[in-house]
Amino acid sequence: MENFNELQREILRLKKEKNALVLAHYYVPLEVQDVSDWVCDSFAMAQKAAKAENDLIVICGVRFMGESAKILSPEKTVLLPSMDAGCPMADMVTPEDVLRLRELHPDAAVMCYVNSSAAVKAVSDVCCTSSSALRIARGLDCREIIFVPDKHLGSFVARQVPEKKFWLHPGFCPTHHKITEADILAAKRAHPDAVFAVHPECGEDVVKYGDLVGSTAEILDFARNTDAGEILIGTESEIVERLRRELPEKKIYGVGSTFMCGNMKKVTLRALYECLRDEKYRVEVPEAELKAARKSLDLMVNS
Ligand code: 13P
Ligand code: SF4
C-alpha cells in the first residue's frame, strides 16, 4: 500500500479507532501534516502534549519531541513513527557538559533549548524553545545564564538581553548552520524586493539580514500577515512548500538548495501508518530523569 491517498485514509481510520492525538512539527512532510490533528512549532507541540486528553499521543517529529511529550504527559502512551529520527544538535550536549559548566559558573542558571535529551533537561533549570527563549531569559532571576546546546540561538538571545552575561555551549543545528552569508546575499540579489524571515538557529551573519527572526510558527505568521508580495524564507524547506501552497498569491523563495532536515523527513506516511497500526515505537523516559526534567519543562510551558 504505497498510494498516498490510501495510506492517508487508513491513518485517519486508525486515528479515530484508537482515539489517538497526532501532533506534527512543520518540518515533517506535508502529506503527514495533512493527516495530523495539529501542526505545531516546538512550543505549541509541548503545550498540546501537556494538555492532551487522549490516552495515545503520536509525535510526528524527532526523538526529543517525543521525550518532551512523555515527560509532560507521563501517564499517556507516547509513540514516535520513526525511532531513528534524532536531532544532531540535541546529541551535541551531554549532562556532564552541563555539570562542568555549572562548576565553572556557579552563579548562573542553566537554560536548555528543548532540542536536547531528557537527561540534559534533568540537570537544567529551565527549558525554552525559539519562540519562548527571549521571554524566559528576561524573566530569569539571575545575572548569568548558561545556554545549551545551540550557540546560535544562545547568541541571538544574548544580543537581545545585554543586561545578562551568557555562557554558550558550542552546539548548532547542522541544517540551519549550513546556510552562509553568501547564500543570503545571492538570494537577496536575485529577489531584491523580497522581505526575509529567518530562524534564530541560523548564524549571526545570516540572522542580521532578517526582517523577522523567529520560530517556525512566527515565520509562518509573518509571511501570512506581511504586506510584502515576495518573501525569502530562512528555514527548513517544508516551510517554503507549505507557504507556497497556502499563499499562492505571494512569491515564496527558499535560500540555498540543501535547507532540509533529513531526520524530520524520516517521518513518512508509511511510518505513521505502521506506528498507529502496531502502536510502535513507545517513548520511555527513566522515572528519576522524567521527574527532574519535568520541572524545567513545566517552567517553559507555563512561562
Ligand atoms: P521551532 O519549531 O521552535 O521553530 O524549532 C525548529 C526546530 O529546529 C525544531 O527542531
Ligand atoms: Fe534538529 Fe535542526 Fe533537524 Fe531541528 S532542524 S530537528 S534542530 S537537526
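Values below: all heavy atoms of this structure, side chains included; hydrogens, waters and symmetry mates excluded. Ligands are counted one by one from 1 in listed order, and the atoms in each one are counted from 1 as well.
- Remark: minimum distance from atom 3 (Fe) of ligand 2 to any protein heavy atom is reached at Cys261 SG, 2.4 Å.
- Contacts between Met45 and ligand 1 below 4.0 angstrom, taking non-hydrogen atoms only, are absent altogether.
- Using 4.0 Å as the threshold, Met89 has a heavy atom nearer than that to some atom of ligand 2.
- Heavy atoms of His25 stay at 4.0 angstrom or farther from ligand 2.
- Of all the heavy atoms of Tyr26, none lies under 4.0 Å from any atom of ligand 1, so neither backbone nor side chain is involved.
- Here Val62 has no heavy atoms under 4.0 Å from ligand 1, in either its backbone or its side chain.
- By the 6.0 Å contact criterion, NZ on Lys18 is enclosed, its count of non-hydrogen atoms from other residues, nucleotides or ligands being greater than 12.
- At the shortest separation from atom 4 (Fe) of ligand 2 among protein heavy atoms lies Asn115 ND2, 4.0 Å.
- Annotation for ligand 1: atoms under 4.0 Å from non-hydrogen atoms of Ser130 are 1 (P), 3 (O), 4 (O).
- In this structure, the protein non-hydrogen atom closest to atom 2 (Fe) of ligand 2 is Cys173 SG, 2.3 Å.
- Heavy-atom contacts from other residues, nucleotides or ligands closer than 6.0 Å to CZ of Arg13 number more than 12.
- Residue nearest to atom 8 (O) of ligand 1, selected from His25, His199, Glu201: Glu201 (by heavy-atom distance).
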